[in-house]
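Quick notes on the structure that follows.
The residues of the chain are indexed from 1 along the displayed sequence.
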Amino acid sequence: MLNRASKPFVKLVERYLPDPYIFVLLLTLVTFVLAVVIQNQTPLTTIQQWGDGFWGLLTFSMQMLLVLVTGFMLACTPLVKTLLERLASLAKSAGSAIVLVTLVSLVASWINWGFGLVVGALFAKALARKVSVDYRLLVASAYSGFVVWHGGLAGSVPLTIATPGHFSEAQIGVIGTGDTIFSGFNLLLLAIMFVVIPLVNRLMLPPSSESIIVDRAKLQDDTLPSTTNERPADRLENSKALGLLVGFAGLAYLTNYFVAGGGLNLNVVNTLFLFLAIVLHGTPRNLLHSLQQAVQGGSGIVIQFPFYAGIMAVMVQSGLAQTMSEWLISFASAESLPVWSFISAGIVNIFVPSGGGQWAVQAPVVLPAAAELGAEVNRVAMAVAWGDAWTNLIQPFWALPVLAIAGLKAKDIMGFCLVQLIVTGVIISLVLRFV
């Protein structure tokens, strides 16, 4: 029943949702128009601000790209794939497969969003090889776990504001993860999600007569590259000793960092996942093979983030961000601002499908509003984070790696994801407002 009710929305998304690159171009033009019309700037001044700020987030862009790439490489290691195959053997029915893939995706996405996307898709394929289950819902369930990523260990917003030197430090300082990722309201929200999302996915399971079962012969994973040792260069590329020495050196550095009291930030998370991937892949050749697959999913970050930086520059320098924050203050209160920030973030995410890029656009708006109203900055920041993750359920940009691995199209899973969008939106709003 839930699946049938969502079919009209699936058709709407399939027909009218363009590539995210088109969105960033449209958002750039909209920002230009608003700066000229509302802030009374000249077009030339606006373009000058945009061009001057276009490359202002290069470090941040690289950090975001590495979050995806390192998570992807770790998910493709033999150890992780073996664990997924063993977990898949626990599923004895279609219903248990749906619940299991959702829980694994939730845990993996909480650890790292790139890791979660790939693990969810690989696990869905492993389950489909063992259990007859509607493949569309199985992959949609794997993707639905992605909704918790921004409240997890690799959340762009909480890790950004916990990193010294971040672009909003002058306004809010450095806010540790104890006030964001590990805060009481965020942990409660995560606990609720871990119960509700698997349950909703299970309730959407269609009867066997209406299920679409995939041909198991089409679900075989890619094989690793050959390991010939004909040249000295081949022996280096296939050397386990080389990779392990460097990998364990990196892990030793991180161990010393944490023992000395260091906390999580973007650089630390990326370092951890990179060196774990180096160690678990064993040889440089295997690591590079996974890297080639990983970078394909990061192309959107590379081309879009300079535009986000330009948009942010126009919003700040023209005064548009201040105007928007004053408008937000006009009807929000300290208690309701997190909810309004969450909803606005969900809307903006349709146009800026990147947690890091979205924070660059929205921080100049919500932070002055929080300061003016006396709202909790950590809660407002996490509201933006959850809003970004929330509408990813119907934003196919981040579903692309999952769909590519699973061999499906966005229209195949968006109907199920739309139901989760409604359910999770209500839950997140209530927790942000009343907890």
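- The minimum heavy-atom distance linking V37 with N40 is given by the pair O-OD1, 3.7 Å.
- Heavy-atom minimum distance, A375 versus L337: CB-CD2, 3.8 Å.
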Run S336 and S333 through side chain to side chain donor-acceptor pair (under 3.5 Å) and show every step you take.
CA-CA 5 Å; S336 66; S333 64; 3.1 Å; yes
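- Under the 4.5 Å side-chain criterion, counting only non-hydrogen atoms from C-beta, V302 is not in contact with S61.
- For the pair R379 and F185, the distance from NZ or CZ to the six-membered ring centre is under 6.0 Å and the angle to the ring normal is within 45 degrees.
- With hydrogens and angles left out, the side-chain atoms of Q63 and N267 include a donor and acceptor closer than 3.5 Å.
- Between the side chains of T180 and T177, no donor-acceptor pair of N or O atoms lies under 3.5 Å.
- With 3.5 Å as the limit, one finds no donor-acceptor pair spanning the side chains of S105 and T102.
- Of all heavy-atom pairs spanning M73 and H281, the tightest one is O-NE2, 2.8 Å.
- Taking the six-membered ring where the residue is Trp, the centroids of F416 and Y143 are separated by 6.0 Å or more.
- No side-chain heavy atom of Y253 sits under 4.5 Å from any side-chain heavy atom of F275.
- Defined by atom type and a distance below 3.5 Å, a donor-acceptor pair is missing between the side-chain atoms of N112 and W149.
- The shortest distance between side-chain heavy atoms of I427 and V423 falls below 4.5 Å.
- Not a single donor-acceptor pair under 3.5 Å links the side chain of W359 to the backbone N or O of S156.
- The shortest heavy-atom contact between N186 and I181 is ND2-O, 2.8 Å.
- Between A97 and L138, the shortest heavy-atom distance links the atoms O-CD1, 4.0 Å.
- Counted within 6.0 Å of OH on Y257, heavy atoms from surrounding residues, nucleotides or ligands total more than 12; the atom is thus considered enclosed.
- The backbone N or O of D388 lies less than 3.5 Å from no partner atom in the side chain of H150, so there is not a single donor-acceptor pair.
- A donor-acceptor distance shorter than 3.5 angstrom exists from the side chain of T77 to the backbone of L74, with no hydrogens or angles considered.
- Looking only at distances, no side-chain donor or acceptor of T45 sits under 3.5 Å from a matching main-chain atom of Q41.
- Interatomic distance, CG of L137 versus CZ of R202, reported as 9.5 Å (0.5 Å rounding).
- Between K125 and R129, the closest side-chain pair of non-hydrogen atoms falls below 4.5 Å.
- For the residue pair Q49 and S318, no side-chain donor N or O sits within less than 3.5 Å of a side-chain acceptor on the partner.
- V147 is not listed as a side-chain neighbour of N392, based on a closest heavy-atom distance of 4.5 Å or more.
- With 3.5 Å as the limit, one finds a donor-acceptor pair spanning the side chains of S144 and N201.
- Across every non-hydrogen atom of L280 and P78, the tightest pair is O-CD, 3.6 Å.
- Between I175 and I172 there is a side-chain heavy-atom pair separated by less than 4.5 Å.
- The backbone N or O of V384 lies less than 3.5 Å from no partner atom in the side chain of Q362, so there is not a single donor-acceptor pair.
- By the neighbour-count criterion of 12 heavy atoms within 6.0 Å, atom CD of Q39 is densely surrounded, having more than that number from other residues, nucleotides or ligands.
- The ring of W110 has its center no closer than 6.0 angstrom to the ring center of F194.
- A donor-acceptor pair is defined here as one N or O able to donate and one able to accept, closer than 3.5 Å; no such pair exists between the side chain of S109 and the backbone of L106.
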